[in-house]
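We use all heavy atoms of the structure for the numbers below, so side chains are in, but hydrogens, waters and symmetry mates are not. Every chain is numbered from 1 and lettered A, B, ... according to where its sequence line falls, protein lines coming before strand lines.
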Amino acid sequence: MGVQFGDIIPKKEISLKLLRTKSAAIDAMNVIYQFLSSIRLKDGSPLKNRSGEITSTYNGIFYKTIYMLENEITPIWVFDGKSHDLKEKTKEDRRKLRQNALENYLEAKEQDNLENMQKYAKRANFLDKKTIENSKRLLELMGVPYINAPSEGEAQCAELVKSKNASFVVSQDYDSILYGAESVVKNITSSNKSLELIELSKVLTELNVNLLELIDVAILIGTDYNPGGIKGIGPKKAFEVVKKGQMEKYAFEIQNYSEIRKIFDEPNVITDYEIGLKLPRKDELIEFLVEENDFSKERVLPNIEKLDLLLGNKKSQKSLESWF
DNA sequence: CAAGGGAA
DNA sequence: TTCCCTTGC
């Protein structure tokens, strides 16, 4: 979900072309949940293989990866590790929301209410361990790198940008900038929706704060580690408080304030990882998609060939990561 | 969400 | 060619 900065954070529209030749650190969980809620049949049910296991996720990863490579963007998928203890409440809240949605879905189903079935099915996304493991396996077979973050994926994505192993983060949330990522891109899709670029340095200069102050703003509004933030304080007031140097007045009201600040300021990340592209393992890929998960062979084969071609060309060229 | 096919 | 809509598993 992330911090609700609202309209306060400056962003700009960009074209896909601007991202050409760059590497993207993808906040995998964020994107996978999007796949799960949007890749659906008419009745709102997700795609499944013959055993009833959900395959929308694999569909999304497969086609989005190819789409990015086609546009000369190198994806690096970053998966969450173990979340911080302080996130428990947020996780529990989300579980409840999903459970609620599931109950609403079942009720709509009983009433044969297709519209509500679609609506609630999209919110009742339960992701199991096996789906995550298989997602990683799929990327491996495709020859595309992924990283297991020790903790938050968004923090690891930010590390990749900071170390210039990626140029930007792909996520629908802004949180990566709090971890110090210079660039976050929202809405990388093939639809007409415009791409949105958020640049940390622009955010800081335009709002006239430093990163630590921005983190304080986020904590006042509410983060995953202190959901809800301080009652009565939204984005606008939060900036006022921080700019007037009044953070101390509120800090004591926030449980674990300094610990939360540290999560963003000194994120738990790794710096030793493998991000090279390989050639796809075609036969195993066909086996995974077609045999195990019932993708249509007719549709998958040309895409595997495309992937092979794209990666074959790409492996030789290495570009230095930076803007402009 | 992206691909694919048909309409514009 | 571009747009729109349906399908995918």
Side-chain angles (χ1 to χ4, degrees), chain A residues 15-17 19-20 24-79 105 109 114-115 117-128 130-139 141-142 144 146 153 168-173 184-196 280 284-311:
Chain A
S15 80
L16 196 59
K17 306 237 188 303
L19 306 180
R20 226 176 233 167
I26 305 177
D27 179 9
M29 291 305 182
N30 180 287
V31 173
I32 283 174
Y33 270 110
Q34 275 178 270
F35 293 150
L36 214 47
S37 75
S38 56
I39 305 178
R40 303 252 166 188
L41 300 175
K42 286 192 207 306
D43 65 351
S45 66
L47 306 184
K48 293 176 189 146
N49 63 21
R50 87 195 70 183
S51 323
E53 296 161 342
I54 294 175
T55 57
S56 296
T57 311
Y58 314 143
N59 191 300
I61 290 172
F62 182 68
Y63 288 113
K64 195 181 196 76
T65 296
I66 291 172
Y67 176 78
M68 290 177 81
L69 288 169
E70 257 185 310
N71 286 280
E72 293 183 65
I73 301 167
T74 306
I76 303 166
W77 292 77
V78 180
F79 289 83
Y105 168 77
K109 193 173 176 182
L114 197 68
E115 198 183 331
M117 277 170 74
Q118 288 168 339
K119 181 165 132 194
Y120 293 116
K122 280 177 186 294
R123 296 180 197 171
N125 297 321
F126 297 92
L127 203 52
D128 56 27
K130 191 179 171 193
T131 306
I132 300 297
E133 288 318 307
N134 274 340
S135 296
K136 293 175 184 176
R137 183 164 151 235
L138 172 58
L139 287 166
L141 297 180
M142 291 180 77
V144 171
Y146 71 86
F168 59 96
V169 176
V170 173
S171 179
Q172 294 299 107
D173 293 341
V184 176
V185 176
K186 287 174 77 171
N187 304 337
I188 292 205
T189 71
S190 84
S191 67
N192 301 327
K193 211 149 88 173
S194 57
L195 269 75
E196 218 171 70
E284 289 167 89
L285 205 44
I286 293 166
E287 188 183 325
F288 177 83
L289 293 171
V290 180
E291 314 300 328
E292 285 179 41
N293 289 295
D294 299 324
F295 280 59
S296 118
K297 191 169 189 175
E298 209 182 19
R299 206 168 150 164
V300 155
L301 280 183
N303 280 294
I304 290 180
E305 287 310 319
K306 198 196 282 176
L307 179 68
D308 189 46
L309 213 70
L310 286 165
L311 291 178

Would you say the side chain of [Y] lies within less than 4.5 Å of the side chain of [X], judging by non-hydrogen atoms?
X      : Y      : answer
A:T131 : A:Y58  : yes
A:I54  : A:F126 : no
A:L301 : A:E305 : no
A:I73  : A:F168 : yes

Nearest whole Å is fine: how far is [N] [atom2] from [X] [atom1]?
X      : N     : atom1 : atom2 : value
A:L307 : B:dA3 : CG    : P     : 12 Å
A:N187 : B:dA2 : CG    : P     : 10 Å
A:I54  : B:dC1 : CD1   : C1'   : 15 Å

For a quick check, with a 4.0 angstrom heavy-atom cut-off, what is the B/S/- contact string for nucleotides 2-9 of chain C, read 5' to 3'?
----SSBB
Sugar-phosphate only, base, or nothing, as touched by A:I61 at under 4.0 Å among non-hydrogen atoms:
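No contact.
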Hey, is the side chain of A:K64 poking within less than 4.0 Å of OP1 or OP2 on B:dC1, counting only N and O atoms?
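Checking B:dC1 against A:K64, no side-chain N or O comes under 4.0 Å of OP1 or OP2.
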Looking at A:F79, is A:K136 sitting on its ring face, NZ or CZ under 6.0 Å from the six-membered ring centre and within 45 degrees of the normal?
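Yes, A:K136 and A:F79 form such a contact.
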Going by the side-chain hydrogen bond (donor to acceptor under 3.5 Å, both in side chains) test, name the single residue among A:D27, A:N30, A:N187 that passes it with A:Q172.
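Exactly one candidate clears the test, A:N187.
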